[in-house]
Structures are given as C-alpha cells and as structure tokens.
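Start at 1 and go down the list; that is how both ligands and their atoms are numbered. FYI, the numbering just counts along the sequence from 1. Values reported hereafter were calculated over all heavy atoms of this structure, with side chains retained and with hydrogens, waters and symmetry mates removed.
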Amino acid sequence: MLLPIKETAGVILDIRYASDNNFVGRAVYARPVALLHREAHAAFVRALARAQVLGLGFRIFDAFRPIEVQSILWDAVSDKTFVADPALGGTHPRGIALDLTLFDLATGEDLPMGTGFDAVTPLSAHGALEGLSAEVIRNRALLLGLMSAAGWDSYEPEWWHYNLPDGDALPVLSAADVPEGPL
Ligand SMILES: C[C@@H](N)C(=O)N[C@H](C)C(=O)O
Ligand SMILES: [Zn+2]
C-alpha cells in the first residue's frame with residue numbers, strides 16, 4: 001500500500017507530469033497526487049522535520065510513477081541518463097523515489113538550484129561546478145544533506161531525484177495496482 005504526501009504548510013505539491021509543464025509537453029497523469037511506499041513516506045517525514053527546523057519546505061515534483069508512465073518518459077527523452085529504463089522497473093514505479101526541491105517557508109520562494117526540474121543538461125548533476133553560483137552549490141548541498149540524513153540516496157545526474165536504497169525486491173507497480181494513483 002502506498003501512502004499520500006499531503007499538502008501542508010511545509011509541502012507544496014507541484015506534480016509536473018499532471019500538467020503540460022514537463023519534457024513530454026502534455027499531462028501524462030490524470031491526478032496530481034504524490035504517493036510513497038510506507039518506508040519512503042517515513043523517510044520523507046524525517047527529511048521534512050529536519051527541513052522545517054531550518055525554515056524550509058519541500059516542493060514535490062513527482063513520487064510514485066506507474067510503470068506505464070515510466071515508459072512514456074523513457075520514449076520522450078533522448079538522453080536516457082535522465083530516465084530509468086522501464087525494462088528494469090526503476091525506483092519511482094516501486095514507490096521509493098521522490099523528485100523535489102526546497103522552498104523558503106518565510107517567503108514561499110524556491111531556493112535557486114541552477115537548473116530547473118528535469119533539465120536535461122550536465123549542469124543538473126551534483127558534481128557540476130563550472131557555471132553554478134556559490135548560492136546554487138550551497139542549496140544543492142543543503143537538499144542533499146537533508147535527504148541523506150533521512151536515509152535517501154541521491155542520483156548523480158539529477159539534483160532533484162532521491163530514492164531509497166536496496167528496493168529491487170519491491171514490486172514494480174502499474175496504474176491498475178494503484179487505483180488512487182496518478183492515472
Ligand atoms: C524523469 C526524472 N524526473 C527521473 O525521475 N529520473 C530518474 C532517473 C528515474 O526515472 O528514475
Ligand atoms: Zn526521479
């Protein structure tokens with residue numbers, strides 16, 4: 001069973017695949033929901049508690065992604081580094097991945113991260129340095145620290161993607177498995 005991330009003072013749901021503001025160019029979700037496997041949900045709550053101490057909240061771009069949509073994204077992107085191969089299942093379709101950024105609770109403004117969500121460029125990598133400001137490098141490090149301390153693994157090419165480790169034994173879920181899900 002997957003658990004929902006609910007919109008609260010510290011959480012904005014900005015589910016991009018339920019809008020046309022994504023690299024497919026059209027909505028590929030019917031509903032803007034963010035669901036997570038129980039352990040991932042607990043790890044998110046831990047990260048949120050730590051972020052809130054710093055006056056920060058999370059803007060959520062994506063969480064559970066039905067395997068059907070993983071295939072749509074795979075077909076839509078030319079650089080396959082930026083989408084997990086649906087033939088392998090991936091972490092979003094197992095409910096153990098989150099795409100997210102930080103916002104300032106006092107102003108509501110997102111922290112600058114240098115590139116946008118799903119920007120297919122080497123500048124989106126954690127290891128990128130040239131062309132990024134000190135503020136951006138600090139903000140990415142802050143997100144990385146908050147998520148890592150809560151048990152999440154990062155993904156080198158994408159500053160926004162985090163997943164729980166060791167999820168290969170978990171089932172890969174389709175839309176039919178999750179009627180309350182995004183499709
Ligand atoms: C597509 C992007 N938002 C993402 O989540 N990429 C990783 C690699 C994935 O598909 O698991
Ligand atoms: Zn992701």
Heavy-atom closest contact ([X] atom, [Y] atom, distance):
{"X": "Arg140", "Y": "Ala128", "value": "NH1-CB, 4.3 Å"}
{"X": "Met147", "Y": "Ala47", "value": "SD-CB, 3.8 Å"}
{"X": "Ala63", "Y": "Leu36", "value": "CB-CD2, 3.9 Å"}

Should [X] be listed as contacting ligand 1, given a heavy-atom distance under 4.0 Å as the test?
{"X": "Val83", "answer": "yes"}
{"X": "Tyr17", "answer": "yes"}
{"X": "Phe117", "answer": "yes"}
{"X": "Trp160", "answer": "yes"}

- Item | Under the ring pair (Phe, Tyr, Trp, His ring centres under 6.0 Å) test, residues paired with Tyr155 that sit two or more places apart | His161
For the 3.5 Å polar cut-off, considering only N or O atoms, please tell me whether [X] and ligand 1 meet it.
{"X": "Ala84", "answer": "yes"}
{"X": "His92", "answer": "yes"}
{"X": "Thr81", "answer": "no"}

- Is the shortest distance from a Lys or Arg side-chain nitrogen in Asp14 or Arg59 to a carboxylate oxygen in the other one below 4.0 Å? yes
- Message: For atom 4 (C) of ligand 1, what is the closest protein heavy atom, and at what distance to 0.1 Å?
- Response: Glu158 OE1, 3.4 Å
- Item | atom 1 (C) of ligand 1: nearest protein contact (heavy atom, Å) | Phe82 O, 3.2 Å
Which of the numbered atoms in ligand 1 are under 4.0 angstrom from any heavy atom belonging to [X]?
{"X": "Tyr155", "answer": "8 (C)"}
{"X": "His161", "answer": "5 (O), 7 (C), 11 (O)"}
{"X": "Asp118", "answer": "1 (C), 2 (C), 3 (N)"}

- Query: Do we see a donor-acceptor contact under 3.5 Å between the side chains of Thr115 and Ser124?
  - Reply: yes
- Item | Polar contact flag, side-chain donor to acceptor under 3.5 angstrom, Asn21-Ser19 | no
- Are Lys80 and Asp75 close enough, and set up right, to give a salt bridge (Lys or Arg N to Asp or Glu O under 4.0 Å), and what steps lead you there? CA-CA 9 Å; Lys80 305 302 188 193; Asp75 291 343; 5.4 Å; no
- Hey, which N, O or S atom on His161 ends up closest to the Zn ion (ligand 2)? ND1
- Note on the structure: Restricting Asp99 to its N/O/S atoms, the closest one to the Zn ion (ligand 2) is OD1
- Query: Parallel, tilted or perpendicular for Tyr17 and Tyr29, by the 30°/60° rule?
  - Reply: perpendicular
